[in-house]
Chemist: 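Below are the structure tokens for one structure; questions will follow.
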Protein chains: 2
Amino acid sequence: MDTRAPAAPERTVDIIARLQDRLERGRGAEIRLVESILADPQFAAHAPIAQIAERAGVSEPTITRLARGLGFPGTREMRFHLAQALAIGGAYLREPSVPAEELPLSAQVIAKVASGAHAALDLMSMGLADVDIEGMARQICRASQILVYGTGGGSSFAAVELQNRLFRLGLHVTAHTDPQLQRMSASVLEPKAVVIGFSVSGQAASVRDAVTIARQYGAKAIVVTTPNTPLAKAGDALLPLTFKEDGNLYKPSSTRYALLEAVDILAMATAQTIGPKVLESLRRVRHSLASQNIRNPDLPIGD
Amino acid sequence: MDTRAPAAPERTVDIIARLQDRLERGRGAEIRLVESILADPQFAAHAPIAQIAERAGVSEPTITRLARGLGFPGTREMRFHLAQALAIGGAYLREPSVPAEELPLSAQVIAKVASGAHAALDLMSMGLADVDIEGMARQICRASQILVYGTGGGSSFAAVELQNRLFRLGLHVTAHTDPQLQRMSASVLEPKAVVIGFSVSGQAASVRDAVTIARQYGAKAIVVTTPNTPLAKAGDALLPLTFKEDGNLYKPSSTRYALLEAVDILAMATAQTIGPKVLESLRRVRHSLASQNIRNPDLPIGD
DNA sequence: CAAATTTCTGTAAAAAAATTACATCATAGG
DNA sequence: CCTATGATGTAATTTTTTTACAGAAATTTG
């Protein structure tokens with residue numbers, strides 16, 4: 001029997017992304033198979049394995065092996081996930097194969113934006129596999145004060161958003177998007193402060209300076225940025241930002257979705273580390289809003 | 001052999017509705033089976049037929065018969081449609097394929113955030129099928145002035161973000177997150193202005209007021225909000241916000257991803273409507289940043 | 001550069017799953 | 001109360017999937 005344990009599946013990433021990933025890594029027969037599945041996923045989702053194998057020019061066991069390789073227990077599970085991906089992402093599958101010109105403009109725009117966003121999230125998730133997020137969360141919730149830095153469209157947005165998420169947890173957090181304020185605030189830190197620096201490019205000088213200054217005064221620095229950049233090297237702990245721009249100039253950068261994911265992951269991990277007592281803080285935030293005009297408890301906190 | 005031609009499948013009606021229909025019409029064993037499938041469609045969509053039969057307390061052929069009765073050639077097809085229906089219904093959206101308890105905390109957090117984000121995007125995309133985004137884009141790019149309103153965490157974030165995206169296109173756009181400024185600015189609009197109002201709840205009084213005031217002065221109003229809410233009724237054109245909160249209190253609301261998608265769709269559609277001359281505006285924005293420290297042309301504009 | 005080892009991949013056999021054929025049982029109509 | 005129709009289960013059959021194994025290809029090592 002083949003006793004290799006199935007490779008750890010990339011559990012958070014959708015099946016199409018995983019299949020595309022295999023195109024790079026895989027070998028002969030598997031590549032033919034994956035190409036064939038991606039070329040007509042609809043077919044692969046219903047057809048018996050024998051027919052899929054025939055079309056792809058591979059043997060039947062290769063299909064079972066692919067399913068296992070992707071982390072599924074068998075082909076039935078792989079089919080299930082393929083069917084779901086098709087239902088959802090008809091648009092975002094195989095961008096090039098759909099002659100975009102034939103669709104109405106609205107549908108094209110939706111497809112482009114959604115596929116870019118999904119792809120950005122998937123890529124980001126994949127790069128996070130070996131990151132010690134728990135450790136970062138522990139540092140954040142032990143900090144006496146938290147300063148978040150980010151400059152420029154995407155990064156300042158992420159910094160502000162992280163401030164919004166962390167203050168709800170009852171933490172002392174301040175975001176600075178102004179370069180001067182970043183350097184200034186870093187030089188008057190409390191002891192046991194933690195700073196968090198965002199920069200997509202990893203080049204933002206003010207953020208790097210602020211991080212460096214903060215560390216000189218004994219603060220810990222978490223940086224959310226592209227690996228092997230000046231900022232990445234300046235921090236204590238790196239949350240790597242993985243992204244790929246698609247060069248569509250009309251479409252806003254999908255990297256913002258990856259940044260938002262990074263923010264949410266830090267915020268959620270911190271909330272869980274603090275534990276149930278954050279629920280009280282969240283309840284109070286909600287309560288203060290309830291006095292306004294928002295009654296539905298299913299709505300997100302704060303509109 | 002059973003020579004009855006399979007009944008023509010009701011392609012227009014989804015499988016869940018058809019199953020519910022069977023509950024009325026059907027007989028003993030079939031009813032038990034359908035009840036069992038509807039109780040846990042997840043399971044029915046991937047379990048082997050033998051297990052489904054056992055749970056429902058029916059024999060295996062009954063399942064094949066049900067599938068035929070619904071108009072499918074066999075159980076494989078029924079499974080396929082069930083999986084798709086589940087995906088669309090949002091009951092199951094890119095859940096990790098492995099029980100969460102076995103994963104380390106970090107991986108759980110990543111999985112929760114990522115699957116929530118994917119789900120929010122998918123749900124949003126689906127609700128956009130019949131929306132006249134082109135029309136909205138035309139109005140935006142013809143406007144003499146654009147005012148964007150949003151109050152509260154998610155909605156103000158979206159308003160500011162849309163401002164960021166539209167000013168890059170060379171448009172005259174201002175976002176207001178302050179309730180007083182919203183009402184005030186709406187009452188001093190230029191002729192041929194367009195206002196865009198964001199509210200997740202659809203209840204935000206200041207946004208609704210501003211939209212109403214703006215329309216009294218002849219401006220067109222696009223609203224991005226939940227259908228059938230006060231704000232939705234107050235606008236000229238609705239970009240419907242479709243979302244479902246999952247009740248995980250530790251996780252930041254995934255609805256922000258849907259808002260970001262709405263922003264990007266409006267921005268991209270507008271950019272395309274304006275056409276190639278926006279590229280010049282975008283180039284200038286980039287150029288002004290290049291004088292700073294950012295050299296890599298693959299990076300998103302503005303970090 | 002050849003030998004050895006590891007990794008792929010197909011064939012064929014086995015196991016599992018789904019379907020068919022048929023017998024039985026229940027039920028509605030006479 | 002019997003008969004006829006249709007529903008349901010059992011068992012046999014067919015189809016589909018998976019496993020086991022062996023040969024081929026690729027990679028590493030001496």
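Below, chain A is the first sequence line, B the second, and so on; all start at residue 1.
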Chemist: Please enumerate all residues that pass side chain to side chain contact (heavy atoms under 4.5 Å, CB included) together with B:Pro41, with sequence neighbours excluded.
Modeler: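 With sequence neighbours excluded, B:Pro41 shows a side chain to side chain contact (heavy atoms under 4.5 Å, CB included) to B:Leu86, given in chain and number order.
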Chemist: Just how far, in rounded Å, is P of D:dT18 from CE of A:Met78?
Modeler: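 Nearest whole value for this atom pair: 9 Å.
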Chemist: Over how many whole Å does the gap from A:Ile31 atom CD1 to D:dA26 atom P extend?
Modeler: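 Nearest whole value for this atom pair: 13 Å.
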Chemist: Go through the structure and list residues passing side chain to side chain contact (heavy atoms under 4.5 Å, CB included) with A:Lys251, not counting sequence neighbours.
Modeler: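 Here the qualifying residues are A:Lys112, A:Val113, A:Asp246, A:Asn248, A:Ser254, B:Met268.
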Chemist: Could I get the full list of side chain to side chain contact (heavy atoms under 4.5 Å, CB included) partners for A:Glu54, not counting sequence neighbours?
Modeler: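 With neighbours one apart ignored, the set is empty.
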Chemist: Given D:dT18, is OP1 or OP2 found less than 4.0 Å from the side-chain N or O atoms of A:Thr75?
Modeler: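 For A:Thr75, the contact criterion (side-chain N or O under 4.0 Å from OP1 or OP2 of D:dT18) is met.
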Chemist: Check the interface with nucleotides 9-11 of chain D: list each N/O to N/O pair with the protein under 3.5 Å, or write none.
Modeler:
| from | atom 1 | to | atom 2 | distance (Å) |
| --- | --- | --- | --- | --- |
| D:dG9 | OP2 | B:Ser59 | N | 3.2 |
| D:dG9 | OP2 | B:Ser59 | OG | 3.1 |
| D:dG9 | OP2 | B:Thr62 | OG1 | 3.1 |
| D:dG9 | N7 | B:Arg65 | NH1 | 3.4 |
| D:dG9 | O6 | B:Arg65 | NH2 | 2.6 |

Chemist: Nearest whole angstrom, please: distance from the C1' of D:dT15 to the CD1 of A:Ile52.
Modeler: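 After rounding, the reported distance stands at 15 Å.
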Chemist: What is the distance, to the nearest angstrom, from the CD1 atom on B:Ile63 to the P atom on C:dT20?
Modeler: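 Those two atoms, CD1 and P, are 14 Å apart.
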Chemist: Please report, rounded to the nearest Å, how far the P atom of C:dA17 is from the CD atom of A:Glu77.
Modeler: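 About 12 Å, once rounded to whole Å.
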Chemist: Does a donor on one side chain sit under 3.5 Å from an acceptor on the other, for A:Thr62 and A:Ser59?
Modeler: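 On atom types as modelled, these side chains qualify, holding a pair under 3.5 Å.
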Chemist: Can you measure B:Arg76 atom CZ to C:dT19 atom C1' for me and round it to whole angstrom units?
Modeler: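 Nearest whole value for this atom pair: 12 Å.
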Chemist: Can you tell me how far P of C:dT9 sits from CD of A:Glu54, to the nearest Å?
Modeler: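 Result: 19 Å.
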Chemist: Sequence neighbours excluded, which residues qualify as side chain to side chain contact (heavy atoms under 4.5 Å, CB included) partners of B:Arg256?
Modeler: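 With neighbours one apart ignored, the set is A:Glu161, A:Arg165, A:Leu260, A:Val263, A:Asp264, B:Phe157, B:Pro252.
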Chemist: Tell me the interatomic distance from A:Phe72, atom CZ, to D:dT18, atom P, rounded to whole angstroms.
Modeler: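 Answer to the nearest Å: 13 Å.
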Chemist: Please enumerate all residues that pass ring-ring contact (aromatic ring centres under 6.0 Å, His included) together with B:Tyr257, with sequence neighbours excluded.
Modeler: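 Counting only residues at least two positions away or on another chain, B:Tyr257 forms no ring-ring contact (aromatic ring centres under 6.0 Å, His included).
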